[in-house]
There are 2 protein chains.
Amino acid sequence: MNGLGEIMSNKQSRRVTLMEVANHAGVSRATASLVARNSTKISNDTKEKVLQSMKELGYVYDRIAANLRSQTSTTIGIIITDVANTFFSELLLGVHQELEKFGYTVFLGTTFDSVDNQVKLISTMLEHRVGGIILCPVSSTSTETIERVQNIDIPMVVAVRELPFIETNYVGLNYTQGAKKATSYLLEKGHTRIAFLGGRSESSTWHERIEGFYQAHQNAGINVDSSLIVDSSPTREGGIEAVQTIINHPNRPTAIFCFSDMIAFGVIIGLRKAGITPGEDIEIVGFDNVPETEIVYPPLTTVSSFPQQIGAEAANLLHKKMTSDTNEKERIILQPELVKRDK
Amino acid sequence: MNGLGEIMSNKQSRRVTLMEVANHAGVSRATASLVARNSTKISNDTKEKVLQSMKELGYVYDRIAANLRSQTSTTIGIIITDVANTFFSELLLGVHQELEKFGYTVFLGTTFDSVDNQVKLISTMLEHRVGGIILCPVSSTSTETIERVQNIDIPMVVAVRELPFIETNYVGLNYTQGAKKATSYLLEKGHTRIAFLGGRSESSTWHERIEGFYQAHQNAGINVDSSLIVDSSPTREGGIEAVQTIINHPNRPTAIFCFSDMIAFGVIIGLRKAGITPGEDIEIVGFDNVPETEIVYPPLTTVSSFPQQIGAEAANLLHKKMTSDTNEKERIILQPELVKRDK
DNA sequence: TTGAAAGCGCTACCAA
DNA sequence: TTGGTAGCGCTTTCAA
């Protein structure tokens, strides 16, 4: 119920109704309805007649009314934090490809990483009777938000970022493993002073990564210098900011492991501005393997996080939950891969 | 009526209704409805009572039912060809930022550049009673498709690509001007053999660009070698393909004007694979100024096509058409800018 | 196979 | 300010 008063709405033009189609075709409304739903219990003759009338009158099926009556839903909602981030647009691609197969129509919401927006979007989607929700939660999502959806008993799949203290269907990546692989790669190349830049330290995805970062160091018997760990917003701008600390560091690292490719791009820009050559003076590794990593310079070694697959898995899991009625929660964790790119 | 039978739908859990809220609060359904809509004609006392009941019962407003009764819509649809293309995700960003202000919830559809998908998506959205549609049409959109929407009298804004032979609201860019600027830039740098790569030659956006390409040549008094014009699908893969012709050309051009940045990225990859250094052996100019052009190597000079503004303008225009009832069509054409980037 | 009547959850309209 | 009644466009249910 947040501020219904302010919501925009607009008059619609009158549509042709099923009743009118029925009259035009000389059958009852129920018969016309059966034809609209492609029922097999209608003689070919009447079917043709009705279809013809629909065409002539320009009839458009009112799925909203149908869903209301039959208490069903043909829509799902997907909520992401940022469309302009290729990670999420790739994820969206995966979701779309899967869900359109099943015939769902998808509501898209963008939170711009704001909790308020997220709450509002979830409300609006519930009010629009979505049959299910895929949520890529903002960092500081409250348990209450999730419980609200669970109480209404609408299937939800949380993707990308896992929420603490609450059991949900979840599709994500083994970030710890990914960070470990990336860090080990740098350590094996002989780096001993590695920075970890970017990402919000309150998010689970950050914690999992830092965990892998430490594990790799431990395996190699090398200590982590915690002054080389700098968090930031998970955007390119965040990367530009975070790298300043490194540039001004009295004892500069020789390599940087970035929270994400977006961060890495910011880091590259920031280093260049400071006259430091990324890839030569300082080695950089990213995370996500977004398409741009192929064409960026220096070529970016990164960890593939398979956003499209995450999207596809989330979509399938949601569909599964929407069509079965067990309340069991599932977790799907994809394994990351290191993508080495040399100059 | 395309294949209603195959459409997935799923049972929803029973919701708390306004009637139940009314009973719980000891008021009539009409009163509860007024509270839900934040009417001023309700005493604070009853309002509080009703709101309290809503909270206790976990009431969720059913906007679908409300819209059905009041013949309104709070949704709009946006149809794009490809989410993974940053041009479109930036456009989407602009649309979202504007439309969420007005309180619309947005349906997203992706055509993957298929006419069939486009027709299906438009149908589904109409069936879901969208109040308006923003359409970034696929290359070979039929007049019929557009007329279908116009007949139902639902406002539509066509964006990015203009359709011939049909009057619609349109938001786009002066592509001719952009192509002319880019080509002139290359000509002024002394290039006399310039290729034009990528894009579908049946689309208006291609024609407008080639027009600018020719105009620039004419102004400079230089002839165009039409064997250097190669079309392709408007994707990175398309760019990789198209550049093959240039690589194998007996008389190679010294510069390439690419249909889009996506094409340019493909061209860069293709040239590198063939052992040709982009930016040195052959100069490249793109079109769109997608964010990646900042970090790509070689730095890409490009034409800014302001996707986010296009999205925002389209959203505003749609809102305007949805709230006024003139049937007048408007055209908004943004002016492109050349963004020079040096190595 | 077709038809008549009831009702999904809400708002509009009129009366009190 | 509040309440009763009708009805948005469709499906459901039962009878013919």
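The sequence lines fix the lettering, A, B, ..., with proteins before strands; numbering per chain opens at 1.
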So does Lys321(A) pair up with Glu328(A), basic N to acidic O under 4.0 Å?
no
Residue pair Ile79(A), Met125(A): steps toward the side-chain contact (heavy atoms from CB on, under 4.5 Å) verdict
CA-CA 10 Å; Ile79(A) 298 177; Met125(A) 290 189 176; 3.9 Å; yes
For the residue pair His128(A) and Phe107(A), does the interplanar ring angle fall in the parallel (under 30°), tilted (30 to 60°) or perpendicular (over 60°) class?
tilted
Atom CD1 of Ile152(A) and atom P of dG9(C): how far apart are they, to the nearest Å?
14 Å
How close or far is atom P of dT11(C) from atom CD of Glu127(A), stated in whole angstroms?
11 Å
Can you tell me the distance, in whole Å, between the CE atom of Met54(A) and the P atom of dG9(D)?
15 Å
From CG of Asn67(B) over to P of dC10(D), roughly how many Å is that when rounded to an integer?
15 Å
Rounded distance (Å) that lies between atom P of dT11(C) and atom CG of Asp62(B):
9 Å
Taking 4.0 Å as the cut-off, does a side-chain nitrogen or oxygen of Ser33(B) come that near to OP1 or OP2 on dT11(C)?
yes
May I ask you to verify if any side-chain N or O of Arg37(A) is less than 4.0 angstrom from the OP1 or OP2 atom of dT12(D)?
yes
Specify the separation, in whole Å, of atom CE of Met19(B) and atom C1' of dC10(C).
12 Å
Nearest-Å distance, CG (Asn38(A)) to P (dT11(D))?
12 Å
If the threshold is 4.0 Å, N to carboxylate O, is there a salt bridge linking Lys120(A) and Glu100(B)?
no
Please check if the number of heavy atoms outside Asn151(B) that lie under 6.0 Å from its CG is greater than 12.
yes
Short N/O separations, protein against nucleotides 1-3 of chain D, under 3.5 angstrom:
{"unit_1": "dT1(D)", "atom_1": "O5'", "unit_2": "Lys41(B)", "atom_2": "O", "d": "3.4"}
{"unit_1": "dT2(D)", "atom_1": "OP1", "unit_2": "Ser43(B)", "atom_2": "OG", "d": "3.2"}
{"unit_1": "dT2(D)", "atom_1": "OP1", "unit_2": "Thr46(B)", "atom_2": "OG1", "d": "2.9"}
{"unit_1": "dT2(D)", "atom_1": "OP2", "unit_2": "Ser43(B)", "atom_2": "N", "d": "3.3"}
{"unit_1": "dT2(D)", "atom_1": "OP2", "unit_2": "Thr46(B)", "atom_2": "OG1", "d": "3.2"}
{"unit_1": "dG3(D)", "atom_1": "OP2", "unit_2": "Ser28(B)", "atom_2": "N", "d": "2.8"}
{"unit_1": "dG3(D)", "atom_1": "OP2", "unit_2": "Ser28(B)", "atom_2": "OG", "d": "3.2"}
{"unit_1": "dG3(D)", "atom_1": "OP2", "unit_2": "Thr31(B)", "atom_2": "OG1", "d": "2.6"}

Using a heavy-atom cut-off of 4.0 Å across all strands, would you classify Leu68(A) as base, sugar-phosphate, or nothing?
base
Is Gln71(A) near enough to dG7(C) that one of its side-chain N or O atoms lies under 4.0 angstrom from OP1 or OP2?
no
Rounded off to whole Å, could you give me the CZ-to-P distance for the Arg69(B) and dG9(D) pair?
9 Å
Checking ring-ring contact (aromatic ring centres under 6.0 Å, His included) for the pair Tyr104(A)/His319(A): CA distance, chi angles, key distance, verdict?
CA-CA 9 Å; Tyr104(A) 296 113; His319(A) 176 66; 5.7 Å; yes
Name the residue from Glu98(A), Glu330(A), Glu313(A) that meets the salt bridge (charged side-chain N to carboxylate O under 4.0 Å, His left out) definition with Lys320(A).
Glu330(A)
